[in-house]
Amino acid sequence: MNSGNKMGIIGGSGVYNLGLPLKEKLIKTPYSKKAVAVFAGDYKGIEVVFLNRHGKNHAVPPHLINYRANIFALKKAGVKAIISANAVGAISPSIKLGDFIVIDQFIDFTKFRQATFFEGGKNGVVHTDMTNPFCEAARRAVLKAASELKIKCVNGGTIAVCEGSRYETAAEIRAYKILGADMVGMTTYPEVALAREADICYVAIGVASNYAAGISKKPLSHQEVIATMGEKEKDLKKLILKSLEILSSKNSFH
């Protein structure tokens, strides 16, 4: 087993496992009375830790996810890099249903989330640079994996991250588009910021699981999201695992 870089994966809507022989492990954190469940094991000699952000049976909605506990648990497990899967709604006409996007920027529209480990006290106060919030080494690894697998993957895109768990209004989507958002989602932030604070290399793969409000010609539904994710699940898992192989071979994540 590779004793070097331990890889983390965060699964979102429609990605609840990787089909690997992973064993459940409970990790206690200062941010929750309940231990965080992760699934650890080996893939081609790479130590892998998988976390399902929505919990068993998709029981936790986006606005109630304990992001701090999740990232702390992965850090405590020894994870050096995280590949995250995110269902997103397409805003930009260049993004089509089912497309994979290696996200490179976000705009935060969340309201009530605990978004930092540094709130004064023993942890102090830290103002983290987020000019380029996603780990470039991980982004390159995903793009290389996509190229080798001949899976179409959009290089870059800005996600507007909203509180949820409701979908957005058509007016909100028009506003986000004016502000430069290419897609909308509910979970990328504060994961990416917390990972940066924890010094974990983090990349998010967006999967265009629906068209955003006002762009879609029909009412939005979670069933549509799950259906599209199901159609893309095989390719997404292949992309994640190939990205793990490429990323784990690196000596540096900078």
Side-chain angles (χ1 to χ4, degrees), residues 5-10 12 51 53 62 65 67-68 70-72 74-75 79-92 94-95 99-110 113-118 123-147 151-163 175-208 236 239-240 242-254:
N5 297 325
K6 187 178 290 189
M7 299 287 106
I9 302 163
I10 299 179
L51 186 149
R53 70 162 65 88
I65 292 170
Y67 295 95
R68 290 195 300 183
N70 286 352
I71 295 299
F72 189 94
L74 291 174
K75 179 72 172 181
V79 162
K80 304 297 183 184
I82 295 171
I83 299 175
S84 165
N86 300 77
V88 303
I91 296 176
S92 170
S94 65
I95 297 176
D99 278 358
F100 294 153
I101 310 100
V102 187
I103 303 168
D104 66 348
Q105 288 289 329
F106 71 83
I107 307 173
D108 172 28
F109 292 102
T110 64
R113 302 181 184 187
Q114 299 293 327
T116 181
F117 293 117
F118 302 105
N123 288 340
V125 175
V126 175
H127 302 289
T128 305
D129 174 54
M130 296 297 287
T131 305
N132 296 298
F134 297 90
C135 177
E136 192 56 35
R139 292 188 69 256
R140 290 194 299 268
V142 175
L143 291 167
K144 183 179 180 182
S147 176
I151 293 174
K152 180 185 175 184
C153 206
V154 179
N155 181 6
T158 297
I159 184 167
V161 187
C162 302
E163 186 69 14
Y176 302 157
K177 185 175 183 180
I178 291 169
L179 291 172
D182 300 297
M183 68 203 95
V184 64
M186 299 179 191
T187 54
T188 309
Y189 183 86
E191 265 184 14
V192 59
L194 292 165
R196 174 65 60 86
E197 288 187 349
D199 196 29
I200 300 174
C201 175
Y202 178 99
V203 64
I205 303 172
V207 184
L236 179 57
L239 179 59
I240 290 172
K242 187 65 176 178
S243 299
L244 284 181
E245 294 179 50
I246 295 170
L247 189 55
S248 68
S249 69
K250 295 183 177 296
N251 294 320
S252 172
F253 295 134
H254 301 289

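Please read all numbers here as calculations on a predicted model, not as lab measurements. All values below come from the heavy atoms of this structure, side chains included, with hydrogens, waters and symmetry mates left out.
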Which atom of Phe100 lies closest to which atom of Leu239, heavy atoms considered: CD1-CD2, 3.8 Å
Would you say that Val203 contacts Ile82 through its side chain, given a criterion of any heavy-atom pair below 4.5 Å between the two side chains? no
Leu143 backbone acceptor or donor facing Ser147 side chain under 3.5 Å: no
Say you draw a straight line from CG of Asn123 to OG1 of Thr116; how long is it, rounded to the nearest 0.5 Å? 8.5 Å
If you round to the nearest 0.5 Å, how far is NZ of Lys177 from CD1 of Ile91? 8.5 Å
Show the atom names and distances, to 0.1 Å, of all donor-acceptor pairs under 3.5 Å that link a side chain in residues 181-192 to residues at least two apart or in another chain.
from	atom 1	to	atom 2	distance (Å)
Asp182	OD2	Thr158	N	2.8
Thr187	OG1	Asn86	ND2	3.1
Thr188	OG1	Asn86	ND2	3.2
Glu191	OE1	Arg53	NH2	2.9
Glu191	OE1	Tyr202	OH	2.6
Glu191	OE2	Arg53	NE	2.8
Glu191	OE2	Arg53	NH2	3.3

For Arg140 and Ile246, run side-chain contact (heavy atoms from CB on, under 4.5 Å): C-alpha distance rounded to whole Å, both residues' side-chain angles, the deciding distance at 0.1 Å, then the answer. CA-CA 9 Å; Arg140 290 194 299 268; Ile246 295 170; over 6 Å; no
Are the side chains of Ile9 and Leu51 in touch, meaning some heavy atoms are under 4.5 Å apart? no
Rounded to the nearest 0.5 angstrom, the OG-NZ distance for Ser248 and Lys6 is 13.5 Å
Are the side chains of Ile65 and Asn70 in touch, meaning some heavy atoms are under 4.5 Å apart? yes
Nearest atoms (heavy-atom pairs only) where Ala81 meets Leu247: CB-CD2, 3.7 Å
Residue set satisfying ring-ring contact (aromatic ring centres under 6.0 Å, His included) with Phe72, at least two apart, ordered chain then number -> Tyr31
List in chain and number order the residues that pass ring-ring contact (aromatic ring centres under 6.0 Å, His included) with Tyr67, two or more places apart in sequence or in another chain; answer none if no residue qualifies. none
For residues Gly157 and Ile103, report the shortest heavy-atom separation together with the two atoms involved. O-CG2, 3.3 Å
Ser94: which residues meet the side chain to side chain donor-acceptor pair (under 3.5 Å) condition with it, sequence neighbours left out? Ser92
Kindly indicate whether the side chain of Asn155, heavy atoms from C-beta on, has any atom under 4.5 Å from the side chain of Arg139. yes
Report yes if some heavy atom in the side chain of Leu194 is under 4.5 Å from a heavy atom in the side chain of Arg68; otherwise report no. yes
Looking at SG of Cys135 and CD1 of Ile200, how far apart are the two atoms once the value is rounded to the nearest 0.5 Å? 11.0 Å
Shortest non-hydrogen separation from Gly156 to Ile101 and the atoms involved: O-CG2, 3.6 Å
If you take all heavy atoms of Arg196 and Asn132, which pair is closest and at what distance? NH2-O, 2.6 Å
Rounded to the nearest 0.5 Å, the CD atom of Gln105 sits from the OG1 atom of Thr131 at a distance of 8.5 Å
Are Ile10 and Ile83 close enough that some pair of their side-chain heavy atoms sits under 4.5 Å apart? no
For Val142 against Cys153, the heavy-atom pair lying closest together: CG1-SG, 4.5 Å
Taking C-beta and beyond as the side chain, do Ile107 and Val161 meet within less than 4.5 Å on heavy atoms? no
Applying side-chain contact (heavy atoms from CB on, under 4.5 Å), can you list everything that pairs with Val126, at least two apart in sequence or on another chain? Phe118, Thr128
For Asp108, all residues meeting side chain to side chain donor-acceptor pair (under 3.5 Å), sequence neighbours excluded: Thr110
Evaluation steps, side-chain contact (heavy atoms from CB on, under 4.5 Å), between Tyr176 and Cys162: CA-CA 10 Å; Tyr176 302 157; Cys162 302; 3.4 Å; yes
